Amino acid sequence: MSTWNKKEILKEDVERIKQKYNLDALTASIMVRRGITEGRDILYYLEDDLRFQHSPFSFNAMEDAVDRVLYAKEENEKVLIFGDRDVDGITATTVLYDALKSIGIDVQYKLPGKDDPYGLNMKAVDDFASQYGSLIITVDCGISNTEEIAHAASLGLDVIVMDHHNPPEKLPEPAIIIDAKTENSGYPFKDISGCAVVYKFVSALRFSESKWYKEEVALLNIQEDKEDDTATIDIIKVRNLIPVSRLSQKINGQTSVSETGIPSFLQGQIILVWDKALQDKLLKQTFGLGAEFNTLDIREEVIKFFPSMNGLPLSKIKTLSKIAKYGNHEPTEIGGFYNIFVTYVQKTIKNEFPEFSEQEEKDLQLVSLAALADIMPMKNENRIFVKKGLESINSGKVRPGLLNLMAELNLLGKRVSSTDLSWVVVSNLNAAGRMGNPEYAAELFLTGEQAFRDGMAKKIMELNSKRKQYSTEGFSYALTQAEESIKKHYGKLCFVIDEKINRGVSGIIAGRLTSRFDVPSIVVTFVDDIAFGSVRSSRNFSAPDFLNKMSDIFLNFGGHNAAAGFSLKKEKLEEFRERVFTLSRDIVLTDSTLGTYQVDAELPASFLTPNLLKVSDCFEPFGEENQSLLFMTKNIPVLDALLMGKGEKQHLKIYVGNEKYKWPALFWNEGERLHRDFEIGDKVDILYHVERNTFNGVETPQLILIDIKKSY
């Protein structure tokens with residue numbers, strides 16, 4: 001019997017965010033129940049402007065990476081992009097290849113083949129060195145390739161690592177590393193995909209074409225307080241739109257500017273102000289007529305883009321900032337000035353380089369795929385990436401390659417959701433890499449010929465059919481060992497070794513075992529004398545941390561907390577088996593939630609109206625750490641019911657509703673529930689998602705049932 005839990009929440013918490021962010025009561029209550037109560041989190045549910053993403057120059061090494069690539073361009077160097085075989089690696093490779101090719105760099109790419117290990121390998125380094133290449137950029141890999149990167153350096157090759165996997169204790173060197181998970185990356189959000197890391201780099205590379213690249217400016221604002229005859233001067237130094245230092249001083253009476261640290265702080269800076277006449281007047285009042293500040297007024301330039309700001313002081317403008325709206329503190333004038341400056345610069349670049357917006361839109365379609373494919377949490381800027389990617393796709397501007405695949409998958413002409421991308425597009429693209437042909441997916445995106453792309457799309461779908469067959473067969477092999485393995489490993493781990501399992505589907509099978517038994521799973525298979533394994537996590541188990549305890553026997557390993565992979569010599573397999581058994585004793589798992597459902601809201605039957613879709617849309621995109629909204633309704637009548645599909649487990653379709661609306665509700669593989677658990681005319685309690693069904697271009701709302709019980 002399943003358990004339906006609805007978390008108790010405080011009415012005042014709901015009312016607070018409802019009023020502050022102008023939300024309806026249902027949306028506000030769902031946010032509170034999901035723990036989305038801070039402005040910095042709510043922002044990413046209510047906004048989708050790219051202005052809210054983090055700056056690429058938040059990465060401390062970003063400027064170094066951009067300069068190294070610009071140098072490669074100037075010196076006509078050969079550049080190799082080395083990616084990974086999955087969707088994240090292929091999309092990352094595509095985005096970077098497109099960008100480097102567009103600025104005239106001699107660039108090539110390589111993806112691991114069928115029998116290659118994960119990550120950069122020695123042969124790829126040697127082959128590229130033999131071509132007189134000089135710069136390797138790893139994408140969605142590289143952070144664990146210490147030996148390969150040292151070898152590249154010994155051959156005179158430079159390496160830039162653009163990765164997002166958990167770093168080892170000792171980072172590879174010498175290399176420029178852009179990975180948000182490294183300790184001193186500087187980046188404020190750790191859980192972006194490998195493709196998103198590349199997108200950040202490409203954004204920085206495009207920014208470098210503007211006059212603002214490396215330009216250091218100081219934003220200055222002085223305010224007087226007439227009550228106590230003081231003035232406060234605030235200064236923010238900005239480089240590449242990132243604040244690099246700040247100064248705030250309260251000045252009592254007329255003070256000599258030389259007595260403050262302001263002159264040395266401003267030395268060599270371009271000083272920008274809002275309303276030069278007022279600012280110069282206040283500066284002279286504060287520091288005397290002898291104080292000279294060579295300020296430049298940015299107000300008139302900004303007003304050209306934003307006429308509504310004409311005549312407004314910073315004290316008024318600071319309250320208009322959307323960013324300030326989601327902050328925990330009262331907005332400040334200098335903070336408002338900084339936000340205006342960043343928006344203004346971004347607008348000028350967009351006007352000067354209109355092609356950037358078009359390129360960025362195409363990039364974000366792939367970034368959205370990568371975020372969903374690599375199971376990135378649907379929070380923070382990942383939500384913006386997927387929202388903008390979906391928005392672009394649904395506007396009809398589908399990028400070449402993706403358009404061909406979506407046409408083959410019959411996804412054109414309907415509103416595509418994050419679920420469609422995850423379960424249909426991503427599964428097909430991933431099949432190319434899993435079946436040992438990642439180049440099919442890369443060629444799909446990078447080849448110009450329409451007929452060729454059509455052919456690649458068909459090949460990818462054929463590979464996906466083969467992948468499904470291998471997955472079904474492999475899972476049946478794994479099940480024969482699974483339950484006994486879990487008992488042996490203290491009920492904490494499922495460990496399967498079977499050479500009949502295809503290497504390309506080991507991760508899928510590990511994931512299915514984890515879903516079925518709710519314990520972490522390891523699946524191992526072989527290619528010649530090398531054993532390859534995949535790990536999938538559950539219940540707060542960290543896959544890389546577990547593997548790290550056996551790092552001495554691996555050829556390579558790496559991954560995220562939720563998923564990881566490794567390889568080792570077949571001769572080491574028995575030692576590996578013994579060590580896994582020993583380590584499994586000390587695995588600590590959080591309590592199982594299998595069969596337990598967390599309800600987002602209980603709705604009376606009268607609330608089942610199409611407006612529910614608007615509430616659901618607010619929480620889209622759904623995915624990791626943001627599952628589809630789960631509603632509960634009690635005592636709702638079953639108006640009609642029928643069985644659908646063929647075979648033993650038929651699907652169930654019932655109709656429920658109220659006086660105004662009759663909803664179709666689908667219950668997959670649960671046909672036996674009718675006549676067993678309830679009859680037409682009974683009142684039932686239902687647990688369900690709300691979604692759109694598209695048929696012949698017409699959208700209708702429907703429910704997807706998760707559970708059903710007869711009402712008592």
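As the structure is a prediction and not an experimental result, all values here were calculated from the model. Atom set for the values below is all heavy atoms of this structure, side chains included, hydrogens, waters and symmetry mates excluded.
Considering only heavy atoms from C-beta on, H560 stays 4.5 Å or farther from P544 through its side chain. Between R516 and L479 there is a side-chain heavy-atom pair separated by less than 4.5 Å. N404 places none of its side-chain heavy atoms less than 4.5 Å from the side chain of E408. In this structure, V386 and M378 have side chains that are in contact, with non-hydrogen atoms separated by less than 4.5 Å. Annotation: side chain of L703 is in contact with side chain of V690 (closest heavy-atom distance under 4.5 Å). For the pair D127 and L80, the minimum side-chain heavy-atom distance is 4.5 Å or more.
D707 has a carboxylate O that lies under 4.0 Å from a charged side-chain N of R673, or vice versa, which qualifies the two as a salt bridge. Ionic pairing of D617 and R692 is present here: one or more N-O contacts between side-chain nitrogen and carboxylate oxygen are shorter than 4.0 angstrom. Salt bridge annotation for K414-D420: present, with a cationic side-chain nitrogen under 4.0 angstrom from a carboxylate oxygen.
Residues passing the side-chain contact (heavy atoms from CB on, under 4.5 Å) test with E439 are N437, E443, sequence neighbours excluded. Listed by chain and residue number, Q702 satisfy the side chain to side chain donor-acceptor pair (under 3.5 Å) test with E691 (two or more places apart in sequence, or in another chain). With sequence neighbours excluded, no residue forms a salt bridge (Lys or Arg N to Asp or Glu O under 4.0 Å) with K459. With sequence neighbours excluded, the residues that form a side-chain contact (heavy atoms from CB on, under 4.5 Å) with K614 are N611. Remark: Y97 engages no residue in a side chain to side chain donor-acceptor pair (under 3.5 Å) (not counting sequence neighbours). With sequence neighbours left out, D49 forms a side chain to side chain donor-acceptor pair (under 3.5 Å) with no residue at all. Evaluation of the salt bridge (Lys or Arg N to Asp or Glu O under 4.0 Å) rule for E625 yields K379 as partners, not counting sequence neighbours. Every residue was checked against the side chain to side chain donor-acceptor pair (under 3.5 Å) condition with K362, not counting sequence neighbours, and none meets it.
Judged by distance alone, with hydrogens and angles left aside, the side-chain atoms of T447 form no donor-acceptor pair with the main-chain N or O of L444 at under 3.5 Å. Looking at N382, its side chain does come within 3.5 Å of a backbone N or O of D191 through a donor-acceptor pair. Proximity of a side-chain donor or acceptor of T514 to a complementary backbone N or O of V519 within less than 3.5 Å is detected. The backbone N or O of V505 sits nowhere less than 3.5 Å from a side-chain atom of S471 that would complete a donor-acceptor pair. Under the 3.5 Å distance criterion, the side-chain polar atoms of S537 are left unmatched by any main-chain donor or acceptor of A563. Using a distance-only test at 3.5 Å, with no hydrogens or angles considered, a donor-acceptor pair links the side chain of S515 to the main chain of G511. The main-chain N or O of M644 is never found under 3.5 Å from a side-chain atom of H651 such that the two would form a donor-acceptor pair. Side-chain atoms of N394 come within 3.5 Å of backbone atoms of V416 as a donor-acceptor pair (strictly under, hydrogens ignored). A donor-acceptor pair under 3.5 Å links the side-chain atoms of Y44 to the main chain of F52, judged by distance alone. Of the possible polar contacts, none joining the K190 side chain to the K181 backbone as a donor-acceptor pair under 3.5 Å is found.
The ring-ring contact (aromatic ring centres under 6.0 Å, His included) pairs that include a residue from residues 358-380 number zero, where partners must be two or more places apart or lie in different chains. Applying the ring-ring contact (aromatic ring centres under 6.0 Å, His included) rule to pairs touching residues 381-413 yields Y199-F385, sequence neighbours excluded. Within the structure, ring-ring contact (aromatic ring centres under 6.0 Å, His included) pairs that include any residue of residues 422-477 do not occur (at least two apart or interchain).
D518 and S592 share a donor-acceptor pair across their side chains, judged by distance under 3.5 Å alone. Of the N and O atoms on the side chains of S417 and E620, not one donor lies less than 3.5 Å from an acceptor on the other residue. Side-chain contact of R434 with N502: a donor-acceptor pair under 3.5 Å is absent, judged by distance alone. Checked by atom type, the side-chain pair Q365/E361 shows no donor-acceptor distance below 3.5 Å. Side-chain atoms of Q108 and Q131 form a donor-acceptor pair, as typed in the model, at a separation below 3.5 Å.
F526 carries K570 over the face of its six-membered ring, with the cationic atom under 6.0 Å from the centre and within 45° of the normal.
The CZ atom of R467 sits 8.5 Å away from atom OG1 of T472, with the distance rounded to the nearest 0.5 Å. Distance CG/L390 to CG/L369: 9.0 Å, rounded to 0.5 Å. Atoms CG and CZ, on D98 and R399 in that order, are 5.5 Å from each other to the nearest 0.5 Å. For the atom pair CG (N561) and CG (N166), the distance works out to 5.0 Å, reported to the nearest 0.5 Å. The CD1 atom of I497 lies 4.5 Å from the CG atom of L573; values are rounded to the nearest 0.5 Å. One finds the CD1 atom of I143 at 8.0 Å from the OG1 atom of T138 (value rounded to the nearest 0.5 Å).
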Going through the checks in order, is the side-chain contact (heavy atoms from CB on, under 4.5 Å) test met by I103 and L205? CA-CA 10 Å; I103 61 173; L205 188 64; 3.9 Å; yes
Any chance you could lay out the side-chain contact (heavy atoms from CB on, under 4.5 Å) test for L50 and L364, step after step, and finish with the verdict? CA-CA 11 Å; L50 289 170; L364 283 167; 3.9 Å; yes
Passes ring-ring contact (aromatic ring centres under 6.0 Å, His included), F566 versus F576? Steps please. CA-CA 11 Å; F566 59 88; F576 176 58; 5.1 Å; yes
Worked verdict on I137 versus V79 for side-chain contact (heavy atoms from CB on, under 4.5 Å): CA-CA 7 Å; I137 305 176; V79 177; 4.0 Å; yes
Apply side-chain contact (heavy atoms from CB on, under 4.5 Å) to the pair V161 and N145, showing each step before the final yes or no. CA-CA 10 Å; V161 173; N145 291 119; over 6 Å; no
N/O donor to acceptor pairs below 3.5 angstrom from side-chain atoms of residues 529-536, sequence neighbours left out:
{"from": "S534", "atom 1": "OG", "to": "S506", "atom 2": "OG", "distance (Å)": "2.8"}
{"from": "S534", "atom 1": "OG", "to": "G507", "atom 2": "N", "distance (Å)": "3.4"}

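I460 and N428 make their closest contact through CG2-O, 3.1 Å (heavy atoms, listed as atom of the first residue, atom of the second, distance). Taking all atoms of both residues into account, the shortest heavy-atom contact from D140 to G194 is OD1-CA, 4.2 Å.
Aromatic ring orientation, Y187 versus H54: perpendicular (interplanar angle above 60°, classes split at 30° and 60°). In this pair, Y118 and H165 present their aromatic rings perpendicular. The plane angle is above 60°, beyond the 30 to 60° band.
The residue from K200, K388, K387 that alone fulfils the salt bridge (Lys or Arg N to Asp or Glu O under 4.0 Å) condition with E381 is K200. The ring pair (Phe, Tyr, Trp, His ring centres under 6.0 Å) test with F546 is passed by exactly one of F554, F541, F557: F541.
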